[in-house]
Amino acid sequence: MKEYTPKEIESKWQAHWAGTRLYATDEDSSKPKYYALEQFPYPSGDGLHMGHMRVYSIGDVIARFRRMNGYRVLHPMGADAFGLPAENAAINRGVNPGEWTLKNMDRFVKEQSMMGVSYDWDRYVATCLPEYYRFNQWLFLLFYERGLAYRKKAFVNWCPDCSTVLANEQVENGRCWRCDSEVTKKELEQWFLRITDYAERLLEGLDRLPKWPEKVKAMQRNWIGKSEGAHVSFSIPELEDERVTVFTTRPDTLYGVTYMVVAPEHPLVPRLIKGKENESVILEFIEQMKKQTEIERTSTDAEKVGYPTGAYAKHPLTGEMIPIWVANYVLMDYGTGAVMGVPAHDERDFQFAKKYDLPIKVVIQPEGEPLEEPLTEAYTEDGKLVNSGPFNGMNNREALSAIAEHLAETNQGGPTVNYRLRDWLISRQRYWGTPIPMIYCDACGTVPVPKEDLPVLLPEDVVFDGKRNPLTTSETFVQTTCPSCGREARRETDTMDTFFDSSWYFMRYTDSKNTEVPFDPEKVNNWLPVDEYIGGIEHAVLHLLYSRFFTKVLYDAGMIAVDEPFASLLTQGMVLKDGFKMSKSKGNVVSPLEIVEKYGADTARFFILFAAPPDRDLDWSDAGVEGSYRFLNRVWRLIAQNESLFGQKADTGRELTGDARELRRILHQTIKKVTHEIGERNHFNTAISAIMELVNALYAYPENADRSIFREALEKLVILLAPFVPHITEELWQMMGKQESVHKEAWPAFDPEALVQNEVEIAVQINGKVREKLVVPTSASRDEVEKQALQQDRIRMLIEGKTVRKVIVVPGKLVNIVAN
RNA sequence: GCCGAAGUGGCGGAAUUGGCAGACGCGCACGACUCAAAAUCGUGUUCCCAAAAGGAGUGUGGGUUCGAGUCCCACCUUCGGCACCA
């Protein structure tokens with residue numbers, strides 16, 4: 001008997017598949033389409049890790065399963081190839097970032113191929129190549145034309161370690177998402193994409209994504225941060241009725257305002273404090289605030305500090321003069337940067353008022369017992385309005401809109417919706433990214449590079465000294481002529497956030513070689529949306545939000561027919577070892593290559609898919625890997641030992657009885673289960689356990705029983721295993737004398753007829769406890785089953801002396817006798 | 001504080017609509033094969049009780065139901081996200 005030698009088999013079939021272009025995309029339009037996609041990797045210098053191996057294993061099962069089920073499947077791969085590490089390698093080791101990246105990309109492709117994954121490599125995209133990034137520039141110009149790309153001066157997030165700015169989404173708890181350094185603020189002129197124009201649609205679209213995890217949708221909703229309320233405009237008489245607008249979610253408490261607070265960065269502050277007693281103190285305070293990091297500034301337990309400006313605003317409804325304060329707890333980048341203080345009905349305002357001895361005015365009373373004054377805490381529940389002029393007695397819920405509308409009628413504000421989402425800052429002061437295709441001309445201002453002049457290529461004559469943006473050191477790059485007037489002009493030296501690259505790569509795969517436009521609308525519509533997108537949860541608000549934004553913009557531009565890119569999202573869990581995430585510092589890293597070397601890719605894939613459902617964390621277990629290897633050997637032997645069967649002519653069509661009939665039932669039950677678990681639930685672990693049960697049944701099948709069904713079961717077994725372990729199944733298929741690839745086989749259908757059993761074992765319960773088992777014909781009626789159950793010796797004994805109150809019969813399952 | 005997910009044997013996990021809790025695998029124990037071991041094949045393996053009979057049992061406490069891991073109420077713990085958000 002031939003031994004199972006994974007190394008030999010795997011390289012043999014990988015070469016064969018590549019040679020026969022087995023996984024070239026099937027374009028047969030008579031078949032339903034299926035787009036299976038795994039997030040493309042950043043080709044780091046370290047090669048594949050287990051996390052990669054897990055995503056690709058999951059994606060490959062899905063792609064292979066769909067192909068066998070008659071779909072034309074798009075299953076591409078690429079590289080998210082721009083990014084900081086390449087540039088840092090250039091700075092630290094003097095290597096060329098492009099060469100370095102291409103070398104790593106090759107390594108990734110090689111390692112992915114060793115896994116036996118069924119990609120159509122012809123559609124490979126690498127974002128760092130001009131063929132790709134010229135269309136980043138093309139798309140940037142499209143955004144610009146549509147008024148969705150703009151430049152503005154703003155306080156932006158600055159990562160001192162990466163020496164570049166960051167988008168809000170890339171700051172996690174005040175730290176850089178990439179290097180974990182504390183982020184500071186810098187005032188710079190930068191390019192932004194107007195994602196806030198799409199806030200409502202990005203929010204609303206989530207409701208149409210039933211196949212996305214709740215968790216991810218919740219995170220996006222949270223991030224978009226919609227809140228409904230009102231703008232209230234206060235005039236400042238001493239500044240010629242200049243207005244300060246506040247945003248509030250509680251316009252019903254408007255009569256309870258006893259002070260107002262503006263953020264230290266609020267543009268009106270200098271005028272408010274000019275010539276006032278506190279002027280120098282406040283200026284000093286503002287300087288302090290600027291020096292603080294994001295963490296210090298927004299920490300919940302930071303002491304609330306404020307100063308009265310000495311200026312007053314006029315209450316829009318009562319005409320009262322309200323003192324204006326400056327305080328650290330009001331943030332310039334949320335709402336309007338100014339808030340109204342209602343200490344009686346807001347906890348934070350209450351604390352602040354207590355600390356600075358500001359008046360507290362109750363304007364909402366609960367039903368029943370009135371509040372005891374002075375208050376010991378803010379009353380934030382519902383109630384009836386008091387001290388609120390014409391709104392007295394009104395329920396506060398009604399007052400919310402009544403007061404907001406009254407403000408609108410009197411031109412002092414009105415109902416509004418506020419979002420937490422900010423525009424996406426895409427400028428980066430780094431070399432290894434897509435140059436932003438803009439030119440600055442003294443005469444014409446900001447001029448876009450004409451589309452026919454694209455790509456704006458990254459120059460090679462740059463200095464990597466880690467001190468400045470290398471692009472600024474290239475004279476040939478910076479100096480150019482104005483496309484509009486032809487005079488000398490300067491190029492923009494910022495490059496794009498690499499999340500720009502990955503926001504549309506899944507569209508590019510559908511037409512990856514197009515040299516005119518990013519993609520042909522017909523081709524993209526032939527495949528989008530992605531039917532199953534698989535990747536890590538870490539992109540819940542980054543990549544996944546940006547991609548949704550791009551899709552909506554391109555939908556509006558008429559370039560694609562769908563406005564949501566990913567119909568179904570599968571977020572795979574982490575790979576842990578000994579309860580911790582694998583990491584170099586922990587020293588608990590298991591190398592995919594070593595596992596492949598020792599057991600083969602099939603074993604590695606099999607273990608990963610069997611050990612846990614894909615969306616849960618997976619604890620790596622060496623013993624578990626051994627077990628998987630053992631199982632594949634078990635399957636191998638089962639077929640190798642019976643190889644002679646396949647040389648004979650199949651002998652089918654006989655009536656099956658006994659063991660043969662039972663094996664056929666198990667086979668069809670397995671087909672049903674595996675089909676459902678993969679196709680409907682993505683539960684590969686339970687699909688595999690069903691296959692294991694079939695193998696156990698095949699081992700237990702008597703030697704002298706019918707061979708034809710045994711042979712058929714072995715063939716189906718190999719087909720069912722093919723999506724999980726493509727190499728061993730291909731080899732076994734060949735061993736069975738088949739000419740074509742097993743991966744071109746049709747997925748087996750189950751025969752409902754075969755599932756029918758003559759007899760079934762049911763449980764007999766007394767008061768819900770199982771007391772006896774009973775085998776009855778499947779055809780037995782309820783009455784017969786009940787009668788038989790009550791006749792069992794043991795049951796008769798146990799209910800003796802009791803009254804049977806009720807008997808419940810669940811056909812095929814159980815009988816429950818209620819007796820006391 | 002708000003939002004989301006999850007708590008099941010020694011371990012990973014299963015139980016699709018309320019119907020025999022613990023499938024499948026790991027580990028462990030025993031047996032067969034072997035001079036012996038490995039490999040393999042087989043048997044057993046939730047806990048308590050020496051075994052049987054019996055009892056307990058899906059984070060905790062209540063409830064609905066003939067019947068609850070599954071549904072309802074209240075809580076506890078863990079993980080993840082957001083947070084001076086006005």
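We name chains A, B, ... by the order of the sequence lines, and we start the count at 1 in each one. Just the heavy atoms: all of them, side chains too, but no hydrogens, waters or symmetry mates, feed the values below.
For C41(B), one of the phosphate oxygens OP1 or OP2 lies less than 4.0 angstrom from a side-chain nitrogen or oxygen of Arg637(A). Side-chain N/O atoms of Asn418(A) include none lying less than 4.0 angstrom from OP1 or OP2 on A86(B). Taking only side-chain nitrogens and oxygens, Arg805(A) never comes nearer than 4.0 Å to OP1 or OP2 of G67(B). Listed pair Arg634(A) / G25(B) fails the phosphate criterion, with no side-chain N or O lying under 4.0 Å from OP1 or OP2. Between Arg630(A) and C26(B) there is a side-chain polar atom (N or O) within less than 4.0 angstrom of OP1 or OP2.
Here A86(B) is the nucleotide among A86(B), G42(B), A15(B) with the atom lying nearest to any side-chain atom of Arg348(A). For Phe610(A), the listed nucleotide lying nearest its side chain is G12(B); candidates were G12(B), G19(B), C82(B). Of the candidates G81(B), C3(B), A23(B), the closest approach to any side-chain atom of Asn222(A) belongs to G81(B). Which of G80(B), A86(B), U16(B) sits closest to the side chain of Arg681(A) comes down to U16(B). With G19(B), A86(B), G55(B) as the choices, the nucleotide that has an atom nearest any side-chain atom of Arg771(A) turns out to be G55(B). Comparing atom distances between the Ala218(A) side chain and each of C24(B), C20(B), C3(B) picks out C3(B) as nearest. Of the candidate nucleotides G19(B), A14(B), A5(B), A14(B) has the atom lying nearest to any side-chain atom of Pro613(A). For His676(A), counting side-chain heavy atoms from C-beta on, the closest listed nucleotide (U16(B), C85(B), G25(B)) is U16(B). Of all nucleotides listed (A56(B), C84(B), G13(B)), C84(B) comes nearest to the side chain of Asn328(A). Closest contact between the side chain of Ile808(A) and the listed nucleotides G19(B), G81(B), C20(B) involves G19(B).
Taking a pair to require two hydrogen-bonding distances under 3.5 Å in either a Watson-Crick or a G-U wobble arrangement, A74(B) pairs with U60(B). Under the Watson-Crick or G-U wobble criterion, with both distances below 3.5 Å, G10(B) is paired with C26(B). The partner of G54(B) is C48(B), by the rule that a Watson-Crick or G-U pair needs both atom distances under 3.5 Å. Across every strand in view, G1(B) sits in a pair with C82(B) that passes the Watson-Crick or G-U test at under 3.5 angstrom.
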Please assess Glu677(A) against Thr686(A) for the test side chain to side chain donor-acceptor pair (under 3.5 Å), listing each intermediate value before the final yes or no.
-> CA-CA 7 Å; Glu677(A) 294 297 294; Thr686(A) 48; 2.3 Å; yes
Output, in order, the C-alpha distance, side-chain angles, deciding distance and verdict of side chain to side chain donor-acceptor pair (under 3.5 Å) for Gln220(A) and Arg548(A).
-> CA-CA 11 Å; Gln220(A) 292 209 358; Arg548(A) 294 183 60 225; 2.7 Å; yes
Can you check side chain to side chain donor-acceptor pair (under 3.5 Å) on Lys304(A) and Asn328(A), steps first, answer last?
-> CA-CA 6 Å; Lys304(A) 287 178 186 44; Asn328(A) 59 348; over 6 Å; no
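Rounding to whole angstrom units, CD of residue Glu693(A) and P of A15(B) are separated by 12 Å. Between the NE2 atom of His266(A) and the P atom of A86(B) there is a distance of 17 Å, rounded to whole Å. Residue Ile224(A) contributes atom CD1, which lies 16 Å from atom P of G4(B) at whole-angstrom precision. Distance CG (Asp615(A)) to C1' (G4(B)): 14 Å, rounded to an integer number of Å. Taking atom CE on Met219(A) and atom C1' on A83(B), their separation rounds to 14 Å, with Å as the unit. Per the geometry, CG belonging to Asp622(A) stands 11 Å off P belonging to G27(B), to the nearest Å. Straight-line distance from the CH2 atom of Trp636(A) to the C1' atom of C41(B): 20 Å, rounded to whole Å.
Residues Asp619(A) and Asn696(A) both approach RNA chain B. Their nearest nucleotides, taken by heavy-atom distance, put Asp619(A) toward the 5′ side. Take the nearest nucleotide of RNA chain B for Leu331(A) and for Ala690(A): the residue whose nucleotide is more 5' is Ala690(A).
A donor and an acceptor atom sit less than 3.5 Å apart, one in the side chain of Asn816(A) and one in the base of C66(B). In this model, no side-chain donor or acceptor of Lys813(A) finds a partner on the base of C20(B) within 3.5 Å. Residue Lys806(A) places no side-chain atom within donor-acceptor reach of the base of C66(B), judged by atom type and a 3.5 Å distance cut-off alone.
A74(B) sits 27 Å from G19(B) when the C1' atoms are compared, rounded to a whole Å. As rounded to the nearest Å, U16(B) and A21(B) have P atoms that lie 14 Å from one another. Comparing C26(B) with U43(B), their P atoms sit 14 Å apart, to the nearest whole Å. For U70(B) and G18(B), the C1' atoms lie 7 Å apart once the distance is rounded to whole Å. Spacing between G10(B) and U46(B) at atom P, rounded to whole Å, works out to 10 Å. Annotation: U8(B) and A83(B) have their P atoms spaced 31 Å apart (nearest Å). Rounded to whole Å, the separation between the C1' atoms of G25(B) and G13(B) comes to 8 Å. U40(B) and C48(B): their P atoms are spaced 31 Å apart (whole Å).
Looking at heavy-atom distances under 4.0 Å, Val810(A) makes contact with a base. Within 4.0 Å of Asp617(A), counting heavy atoms only, lie sugar-phosphate atoms of the nucleic acid but no base atom. The residue Arg221(A) sits apart from the nucleic acid: no heavy atom pair falls under 4.0 Å. Residue-level contact check: Val330(A) touches the bases, meaning some heavy atom is under 4.0 Å from a base atom. Nucleic acid contact for Lys672(A): none, since no nucleic acid atom lies under 4.0 Å from a heavy atom of the residue. In this structure, Lys773(A) reaches the bases: a heavy-atom distance under 4.0 Å links it to at least one base atom across the strands shown. If you check every strand for non-hydrogen atoms under 4.0 Å, Thr249(A) touches sugar and phosphate atoms only. Gln351(A) comes within 4.0 angstrom of nothing in the nucleic acid, heavy atoms only.
Annotation: cation-pi pair Arg605(A)/Phe724(A) absent, no NZ/CZ under 6.0 Å from the ring centroid and within 45° of its normal.
The aromatic rings of Tyr255(A) and His315(A) sit tilted relative to each other, their planes meeting at an angle between 30° and 60°. In this structure, Tyr546(A) and Trp424(A) have parallel ring planes: the angle between them is below the 30° cut-off, well short of the 60° mark.
Other residues, nucleotides and ligands contribute more than 12 heavy atoms inside 6.0 Å of the NZ atom of Lys355(A).
Separation of atoms CD (Glu214(A)) and CE (Met219(A)) is listed at 13.0 Å; rounding is to 0.5 Å.
Annotated as syn: G9(B), whose O4'-C1'-N torsion sits within 90° of 0.
A ring-centre distance under 6.0 Å is not found for Phe580(A) and Trp620(A). Between Phe684(A) and Phe610(A), the distance separating the two ring centers is not shorter than 6.0 angstrom.
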